[in-house]
There are 2 protein chains.
Amino acid sequence: MQEIKAYIEANRQRFLDELFELLRFPSVSADPAYAGDVQKTAEYVAQKLRDAGAEQVEIYPTAGHPIVYGEKIIGSDKPTVLVYGHYDVQPPDPLELWETPPFEPTVRDGKIFARGACDDKGQFYMHVKALELMQATGTLACNIKFMIEGEEEVGSDNLPAFIKANKERLAADVVLISDTAMISLDTPSLETGLRGLSYLEVEVTGPNRDLHSGVYGGAVANPITTLAKMIASLHDENNRITIPGFYDNVAELSDAERQALNQAPFDEAEYKADLGLNALWGENGYTTIERTGIRPTLELNGIWGGYTGKGAKTVLPSKAYAKISMRLVPNQDSDEITALFKKHFESIAPDYVTVKVTPHHGGQPAVTPTDSPAYRAAERAIEDAFGKKPVPTRGGGSIPIVSLFEQELGLKTVLMGFGLDSDNLHSPNEKYDIANYFKGIETIPLFHKHFAELS
Amino acid sequence: MQEIKAYIEANRQRFLDELFELLRFPSVSADPAYAGDVQKTAEYVAQKLRDAGAEQVEIYPTAGHPIVYGEKIIGSDKPTVLVYGHYDVQPPDPLELWETPPFEPTVRDGKIFARGACDDKGQFYMHVKALELMQATGTLACNIKFMIEGEEEVGSDNLPAFIKANKERLAADVVLISDTAMISLDTPSLETGLRGLSYLEVEVTGPNRDLHSGVYGGAVANPITTLAKMIASLHDENNRITIPGFYDNVAELSDAERQALNQAPFDEAEYKADLGLNALWGENGYTTIERTGIRPTLELNGIWGGYTGKGAKTVLPSKAYAKISMRLVPNQDSDEITALFKKHFESIAPDYVTVKVTPHHGGQPAVTPTDSPAYRAAERAIEDAFGKKPVPTRGGGSIPIVSLFEQELGLKTVLMGFGLDSDNLHSPNEKYDIANYFKGIETIPLFHKHFAELS
């Protein structure tokens, strides 16, 4: 414990400098224009793994962006921890809303502002530094394998094939991921569930060309108006999703489970103030914690059509588009929900338009057991580092990979995240608190210690 | 008549070449980036007016784009025709849908494809060539004044001040405008009414920043979904506009007037086939001709919000926007309708969002008398040139200027347009038929002749 803190103190500035260097790479996986930067990022990650003492470090090319692998095996009698993370980031736009450039990390009152600071560069890099620390202090207690991918933000399309092809190499006892949030440093928490995802793009076509809204308006259905009506119909007056069959497989929690979940501290006034909102919204009959944790959702992620430039253009457009994603909970199936959405959206299209529904990517919801040695090791590590037992929570986000690990490698996952909900993930001014970064580097070696003991 | 045709034949190629040169100027008034091109266009128009024999030619600067004036006065005993037109054009986007570049005029089976070919460069330039022709053939029968502006496509914001300041100079007996469509060369028509316009932009704000749709989705209202619901509510199940008071001042036509209007040839199957539509849409109880001519409309001209780039981004955006315009009919008032929309849109905003409504521009609806010497002169000119009496029609578009002329100069307007509804105004692949261009140049001198006789 003491030597861990001492080592962190002695290397504090370098640990920050290395993260900043990593954050300067614009590794935006969604936009092909950044492909070269994504590759350079992978090379930097591989080098840093080697520097930290990892062996067999390799950059595996895929049909998309590469996967970085590295390992440190200390003995076949030791349990093995497979660390997963991703070095790709969300697109930074809208750029004009960033206070400082997204790829020029800047510290303001103890927080690192940069795209990827928390999601997930700042979090997976804690594990790289924890490896260095355990090596240097001779406290390595488990075998460690790293699999850091570059396509998490675009659906990890090429990860399943890589895993299927490398089952031996990836063999482990547990998967450890830091890509989620905790309630706060005062109220540490561990996520025990993640929502799944179904992400689609829809295209509504009216007339075969853009028309003059004065000449044709009123006689030809406007695809924007039509799309708006279709979107409006996707939630009913109780803010429930209207897609037939959507809720059929949703696992309802017991009153006891719901009560436990609502134990987590939540201040609605503070929540609203932070978001600048007068009122919240959501499915009737559920609390905000439940709406974001155990209930499925349907969100509009983007919409566009017609003239969106400066000034006025009196056009009746030919097409309108939207990006729509649904968060799924146990036991909904991503492919099934995608199919239900497609069928429903096509069925509600009036005969004066045609619609095209294109699935982008999905992921299965997952729940992690709270009675496994790995989960208990995480609990103890956090208790040692924070002086408090972590609160179990249900995360609203999705890490599709979790269910993939279970299917392909038969491994459970521990979600030991050190971010905060206020870190602006996927938003302008994403940040990660320096205190959380170092608290994570301090906690991870303790996880390895406890996991070795409990296994 | 013969000498007119002979002169056109002799100068046919040059008349086309000059129009093509005019069409090559990207005089997009909506986008400040083109301001320099708009200025160059004004200079070209001024030069061509001089070449055609106009005097007192001047380019009048305004707070926006300049106005070109020129005149040819042959005698105080002659009636005076004020020709209005505009040399600015709509933005060309979406560029990828143009078969040939918008500012490189190209002829395909007798049609000139270019932005502004019909609206309004190709049409106002007919009057410039008609002046040249009447000068050359000594057939000038009326005094002519030209006022060609550069802001029609953005609401003619600076024209009222110019007119107020130049009433003497603009004094005339009638305004003649070629900026509308006729049914076809086989069925010539004259527009006797134009719809007014109210154009607004709306902004819906939810949370004060873009959020992660997994972390906040389901608990915070999505501004895109909210905007969609608000838009969907603007039309009822009969496709009538739901804004309280919207229809209060709409002039209902008599059954006789509606019957007359529906005399105009209309082939619904052909109309749908041309637009690639399975079904039409519109206010219940009215025909397509009525929906686009005598009924007011509300159209979405553009919508945008959230992530609209490549791939997927799971964002719950802070803001969503739309451009909305309403076409107005007698006796609706543009400012009053704009106020009604603003009040209504703000009133239907749920408490979990804030909305901002910004008026862009508007224009009053107008009806032109069919018993005036000017209208009869136009009828006879068309009958001479086409061998058929023109059918009176109600145009769906708006030329706000028409009501302005009536207010400020006490002048009625004759809308002698030679375009076609199929000319793709405001759309990719805008075109103007070469035959219509020359038919217009042939008809205009006949209008001057008849107007001089009838006045």
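Remember, predicted model here, so these are calculated numbers, not experimental data. Residue numbers start from 1 in every chain, and the chains themselves are labelled A, B, ... in the order their sequence lines are given, proteins ahead of strands.
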Between [atom1] of [X] and [atom2] of [Y], what distance do you get to the nearest 0.5 Å?
X	Y	atom1	atom2	result
B:Ser318	A:Leu275	OG	CG	10.0 Å
B:Leu425	A:Ser213	CG	OG	11.0 Å
B:Leu277	A:Tyr216	CG	OH	10.0 Å

Side-chain ([X]) to main-chain ([Y]) donor-acceptor, under 3.5 angstrom:
X	Y	value
A:Lys323	B:Gly306	no
A:Asn301	B:Val315	yes
B:Asn222	A:Leu300	yes
B:Glu283	A:Gly218	no
B:Lys229	A:Lys229	no
B:Arg195	A:Gly214	yes

Requested in this report: Check step by step if side-chain contact (heavy atoms from CB on, under 4.5 Å) holds for A:Thr292 and B:Val215.
Outcome: CA-CA 6 Å; A:Thr292 55; B:Val215 177; over 6 Å; no
Do [X] and [Y] make a side-chain contact, defined as non-hydrogen atoms from C-beta onward lying under 4.5 Å apart?
X	Y	value
A:Ile303	B:Thr308	no
A:Ile231	B:Ile231	no
A:His212	B:Asp423	no
A:Trp304	B:Tyr307	no

Requested in this report: Identify which part of B:Pro350 has an atom lying under 4.5 Å from any heavy atom of chain A, answering side chain, backbone, both or neither.
Outcome: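 Neither part.
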**Report entry** Proximity breakdown for B:Leu197 and chain A, heavy-atom pairs closer than 4.5 Å
**Finding:**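 Contact with chain A: side chain only.
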Query raised in the report: Excluding sequence neighbours, so at least two apart, what forms side-chain contact (heavy atoms from CB on, under 4.5 Å) with B:Ser427?
Result: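 Scan of B:Ser427 (side-chain contact (heavy atoms from CB on, under 4.5 Å), adjacent residues dropped) gives A:Asp210, B:Asn424.
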Requested in this report: Quick one: list whatever passes side-chain contact (heavy atoms from CB on, under 4.5 Å) with B:Ala312, sequence neighbours left out.
Outcome: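 B:Ala312: side-chain contact (heavy atoms from CB on, under 4.5 Å) contacts with A:Tyr199, A:His360, A:His361.
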Count the heavy-atom pairs under 4.5 Å between each of [options] and chain A, then report the option with the highest count.
options	answer
B:Leu211, B:Asp274, B:Val353, B:Asp421	B:Asp274
B:Ala228, B:Pro94, B:Ala320	B:Ala228
B:Pro91, B:Gly155, B:Ser29	B:Pro91
B:Ala279, B:Gly282, B:Gly276	B:Ala279

**Report entry** Under 4.5 Å from any heavy atom of chain B - which part of A:Leu298
**Finding:**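 Neither; nothing under 4.5 Å.
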Requested in this report: Counting only heavy atoms closer than 4.5 Å, note whether A:Arg209 contacts chain B via side chain, backbone, both or neither.
Outcome: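 Answer is side chain: those atoms of A:Arg209 sit under 4.5 Å from chain B.
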Please identify, among [options], the residue contributing the most non-hydrogen atom pairs under 4.5 Å to chain B.
options	value
A:Leu200, A:Leu280, A:Asn429	A:Leu280
A:Gln90, A:Lys272, A:His426	A:His426
A:Val154, A:Asp351, A:Asn208	A:Asn208
A:Gly217, A:Pro296, A:Ser233	A:Gly217
A:Asp93, A:Leu97, A:Thr288	A:Asp93
A:Thr314, A:Thr205, A:Leu316	A:Thr314

Report task. Before giving the answer on side-chain contact (heavy atoms from CB on, under 4.5 Å), spell out for A:Ile224 and B:Glu299 the whole-Å C-alpha distance, their side-chain angles and the decisive distance to 0.1 Å. Result -> CA-CA 9 Å; A:Ile224 298 175; B:Glu299 291 296 329; over 6 Å; no
Query raised in the report: What orientation do B:Tyr352 and A:Trp281 show, parallel under 30°, tilted 30 to 60°, or perpendicular over 60°?
Result: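 The arrangement is perpendicular - the two ring planes meet at more than 60°.
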Query raised in the report: Is B:Asp31 salt-bridged to A:Lys313, cutoff N-O under 4.0 Å?
Result: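 Looking at A:Lys313 together with B:Asp31, the answer is no, because their closest N to O distance does not fall below 4.0 Å.
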Query raised in the report: Is it the case that B:Thr225 and A:His235 place a side-chain donor and acceptor less than 3.5 Å from each other?
Result: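 Result is no, nothing qualifies.
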Query - Stepwise side-chain contact (heavy atoms from CB on, under 4.5 Å) check, B:Val220 with A:Tyr271 - result: CA-CA 10 Å; B:Val220 171; A:Tyr271 188 83; 4.1 Å; yes
